[in-house]
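Everything below concerns the one structure shown next.
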Amino acid sequence: MLETLTEKVRGIVADKQALGFDVLFDLGGTGVIHVAGDSTPMQISNEKKSAETVFIVTPEDFGSMMTGELQPMMAYMSGKLKVEGDLSRAMQVAQFF
């Protein structure tokens with residue numbers, strides 16, 4: 001599942017402008033997806049590196065956000081998505097989905 005989600009993230013950010021900050025999606029025991037947002041194209045890995053903004057979410061809910069079934073704002077408001085770091089930066093990332 002981690003590989004599938006990582007590839008989806010790669011596809012989503014492939015044609016996007018660099019964020020200017022790093023993002024980490026913490027998927028619990030499944031692993032992490034790190035987005036190095038300071039370069040174009042953005043580099044994606046499954047290494048747990050430091051990031052200015054961290055999203056904590058289950059792999060299932062993250063997958064639903066990737067397909068558009070679950071809106072990031074609704075996930076956040078319902079407690080399915082937790083954010084550590086700058087919320088304004090989190091909003092920038094949420095616009096990708």
Side-chain angles (χ1 to χ4, degrees):
M1 178 173 243
L2 181 60
E3 288 179 25
T4 302
L5 293 172
T6 302
E7 286 307 312
K8 286 184 180 183
V9 171
R10 266 195 191 97
I12 287 172
V13 303
D15 62 344
K16 303 288 191 277
Q17 192 73 0
L19 289 167
F21 57 92
D22 290 358
V23 176
L24 184 75
F25 296 97
D26 183 342
L27 307 176
T30 300
V32 299
I33 301 172
H34 182 268
V35 179
D38 58 353
S39 64
T40 302
M42 291 183 260
Q43 301 298 309
I44 312 300
S45 75
N46 295 118
E47 296 177 50
K48 188 166 188 171
K49 298 179 182 179
S50 65
E52 288 83 359
T53 303
V54 178
F55 295 90
I56 303 166
V57 62
T58 67
E60 296 78 18
D61 288 336
F62 188 58
S64 294
M65 287 191 302
M66 303 282 257
T67 62
E69 294 173 45
L70 178 61
Q71 295 300 314
M73 186 57 74
M74 292 304 295
Y76 179 76
M77 291 172 54
S78 66
K80 292 181 177 185
L81 172 67
K82 293 178 177 61
V83 178
E84 294 179 355
D86 189 331
L87 286 179
S88 64
R89 288 183 172 186
M91 296 296 285
Q92 285 179 267
V93 176
Q95 291 176 7
F96 285 2
F97 302 100

| query | For the residue pair Ile56 and Glu84, what are the closest heavy atoms and their distance? | reply | CD1-OE2, 3.3 Å
| request: Kindly indicate whether the side chain of Thr67, heavy atoms from C-beta on, has any atom under 4.5 Å from the side chain of Lys8. | output: yes
| task | Identify the two heavy atoms, one from Ala94 and one from Pro72, that lie closest to each other, and give their separation to 0.1 Å. | result | CB-CB, 3.9 Å
| remark: For Lys80 and Leu70, the nearest pair of non-hydrogen atoms, with its separation, is CD-CD2, 4.4 Å
| query | Is Phe21 reachable from Val32 through a run of hydrophobic residues whose side-chain heavy atoms are each under 4.5 Å from the next? | reply | no
| Once the angle between the rings of Phe25 and Phe62 is folded into 0 to 90°, is it parallel (under 30°), tilted (30 to 60°) or perpendicular (over 60°)? | tilted
| Do you know which two heavy atoms are closest between Gln43 and Ser39, and how far apart they sit? | CG-OG, 4.0 Å
| field | Side-chain touch Asp86/Glu52, heavy atoms, less than 4.5 angstrom | value | no
| Taking Val35 as the fixed residue, which of Leu24, Val23, Val93 is the one that meets the side-chain contact (heavy atoms from CB on, under 4.5 Å) rule? | Val23
| request: Write down the atom of Thr30, the atom of Pro59, and the distance for their closest heavy-atom approach. | output: OG1-CG, 3.1 Å
| said: Please list all pairs meeting salt bridge (charged side-chain N to carboxylate O under 4.0 Å, His left out) that have one or both residues in residues 10-25, counting only residues at least two apart or in different chains. | reply: Glu7-Arg10
| request: State, with a plain yes or no, whether a side-chain heavy atom of Met73 is found less than 4.5 Å away from one of Met91. | output: yes
| message | Could you report the tightest heavy-atom contact between Met65 and Val57, atom names first, then the distance? | response | CE-CG2, 4.1 Å
| Close side-chain approach of Thr6 to Ile44, heavy-atom, < 4.5 Å | yes
| request: Say whether Val54 and Leu5 are linked into one hydrophobic cluster, either directly or through other cluster members, by side-chain heavy-atom distances under 4.5 angstrom. | output: no
| Side chains of Ile33 and Asn46: does their closest heavy-atom pair fall under 4.5 Å? | yes
| Transitively linked via ILVMFWY side-chain contacts under 4.5 Å: Val83 with Met74? | no
